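What follows is a short report on a single structure.
Because the structure is predicted, anything quoted here is derived from the model rather than measured. Nothing fancy with the numbering, it's 1 onward along the sequence.
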Amino acid sequence: MIEFVLDSRSKVNTYMQLVQQVRQALRVGLLVPGDQLPKVREVAQSLAINPNTVLKAYRELEIEGLVAGRPGVGTFVERTLAGASLPNQAELREDLEAWLARARAAGLTPEDVTALVETTLRAALADDTSQRETARAE
């Protein structure tokens, strides 16, 4: 079952942090169709937030067709976001964990790691786009 964590420094609304965490869990296969999300009251108590915030997140996920609420029972995953690459993710995750250990040993903070990953990803995506545009022009 997913355990939600909030980043109080984030500029992202609390309910959207919950939505994003569910989407991520669906993308990497931590949640699969049939799984039950934590009860609204449990999430609200564990994170010390208003239950309406959790309800708003669950409603957003329901609108997207990712989950469905069953009155008196709970909220259940309806579909996944995991793609065909899911079987390859375990090995990549191990590589990433090793890289993160090296980054910590090198003195990088979580914020440093995030900045490094995000800037590298943006650069790589921009490079991919530029290569595709060059190939089309030829």
Side-chain angles (χ1 to χ4, degrees):
M1 183 179 290
I2 188 170
E3 284 191 40
F4 294 108
V5 179
L6 294 179
D7 180 357
S8 59
R9 297 169 302 187
S10 174
K11 293 180 179 155
V12 176
N13 288 332
T14 301
Y15 90 95
M16 278 308 297
Q17 288 186 48
L18 301 177
V19 170
Q20 289 172 347
Q21 288 176 47
V22 170
R23 286 182 190 145
Q24 288 173 342
L26 291 168
R27 194 167 304 284
V28 299
L30 293 175
L31 286 174
V32 296
D35 285 350
Q36 183 175 6
L37 295 183
K39 302 249 189 249
V40 170
R41 187 176 338 148
E42 294 169 1
V43 175
Q45 287 175 344
S46 71
L47 299 177
I49 59 175
N50 190 310
N52 288 330
T53 302
V54 182
L55 283 170
K56 186 174 181 178
Y58 284 14
R59 268 196 304 274
E60 176 75 22
L61 293 163
E62 200 164 351
I63 289 168
E64 294 176 16
L66 299 174
V67 302
R70 298 182 193 155
V73 181
T75 304
F76 294 84
V77 174
E78 289 287 304
R79 67 181 180 91
T80 186
L81 292 175
S85 67
L86 185 60
N88 302 321
Q89 288 184 17
E91 183 179 344
L92 291 170
R93 184 182 187 102
E94 289 175 15
D95 293 346
L96 181 57
E97 287 170 352
W99 182 87
L100 288 170
R102 289 196 334 262
R104 277 194 304 274
L108 274 71
T109 66
E111 292 81 10
D112 295 335
V113 169
T114 299
L116 181 58
V117 169
E118 287 179 357
T119 57
T120 304
L121 180 61
R122 275 195 300 274
L125 292 175
D127 196 36
D128 286 350
T129 301
S130 135
Q131 286 178 8
R132 279 195 302 271
E133 289 171 357
T134 301
R136 274 192 225 131
E138 294 174 348

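Scored by the side-chain contact (heavy atoms from CB on, under 4.5 Å) test, Arg27 finds Leu81 as partners (sequence neighbours excluded).
Placement of Val22 and Ile49 within a single hydrophobic cluster is found when ILVMFWY residues are connected by side-chain heavy-atom separations under 4.5 Å, directly or transitively. Both Val40 and Leu37 are members of a single hydrophobic cluster when ILVMFWY side chains are connected at heavy-atom separations under 4.5 Å. Placement of Phe4 and Leu55 within a single hydrophobic cluster is found when ILVMFWY residues are connected by side-chain heavy-atom separations under 4.5 Å, directly or transitively. Tracing side-chain contacts under 4.5 Å through hydrophobic residues (I, L, V, M, F, W, Y), one never reaches Leu26 starting from Val28; they form parts of separate clusters.
Hydrophobic side-chain contacts under 4.5 Å tie Met1 to no other Ile, Leu, Val, Met, Phe, Trp or Tyr residue. By the 4.5 Å side-chain criterion applied to Ile, Leu, Val, Met, Phe, Trp and Tyr, Phe76 is assigned to a cluster that also includes Val73.
To the nearest 0.5 Å, the span separating CG on Leu116 from OG1 on Thr120 amounts to 4.5 Å.
Contact check for Leu30 versus Ile2: no side-chain heavy atoms found under the 4.5 Å cut-off.
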Using atom types as modelled, flag every donor-acceptor pair under 3.5 Å from a side chain in residues 11-18 to any protein atom, sequence neighbours excluded.
{"residue": "Gln17", "atom": "OE1", "partner": "Asp7", "partner atom": "N", "Å": "2.8"}
{"residue": "Gln17", "atom": "NE2", "partner": "Asp7", "partner atom": "O", "Å": "3.3"}
{"residue": "Gln17", "atom": "NE2", "partner": "Val12", "partner atom": "O", "Å": "3.1"}

Side-chain donor-acceptor pairs of residues 94-109 under 3.5 Å, sequence neighbours excluded:
{"residue": "Thr109", "atom": "OG1", "partner": "Glu111", "partner atom": "N", "Å": "3.4"}
{"residue": "Thr109", "atom": "OG1", "partner": "Glu111", "partner atom": "OE1", "Å": "3.4"}
{"residue": "Thr109", "atom": "OG1", "partner": "Asp112", "partner atom": "N", "Å": "3.0"}
{"residue": "Thr109", "atom": "OG1", "partner": "Asp112", "partner atom": "OD1", "Å": "3.4"}
{"residue": "Thr109", "atom": "OG1", "partner": "Asp112", "partner atom": "OD2", "Å": "3.1"}

Cut-off 3.5 Å, no hydrogens considered: what does the side-chain donor-acceptor table look like for residues 58-65, sequence neighbours left out?
{"residue": "Tyr58", "atom": "OH", "partner": "Pro38", "partner atom": "O", "Å": "2.6"}
{"residue": "Glu62", "atom": "OE2", "partner": "Gly69", "partner atom": "N", "Å": "3.4"}
{"residue": "Glu64", "atom": "OE1", "partner": "Arg23", "partner atom": "NE", "Å": "3.2"}
{"residue": "Glu64", "atom": "OE1", "partner": "Arg23", "partner atom": "NH2", "Å": "3.4"}
{"residue": "Glu64", "atom": "OE2", "partner": "Arg23", "partner atom": "NH2", "Å": "2.4"}

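Counting only residues at least two apart or in different chains, side-chain hydrogen bond (donor to acceptor under 3.5 Å, both in side chains) contacts with residues 68-80 are absent. Residue pairs satisfying the salt bridge (charged side-chain N to carboxylate O under 4.0 Å, His left out) criterion with at least one member in residues 31-52, sequence neighbours excluded, are absent.
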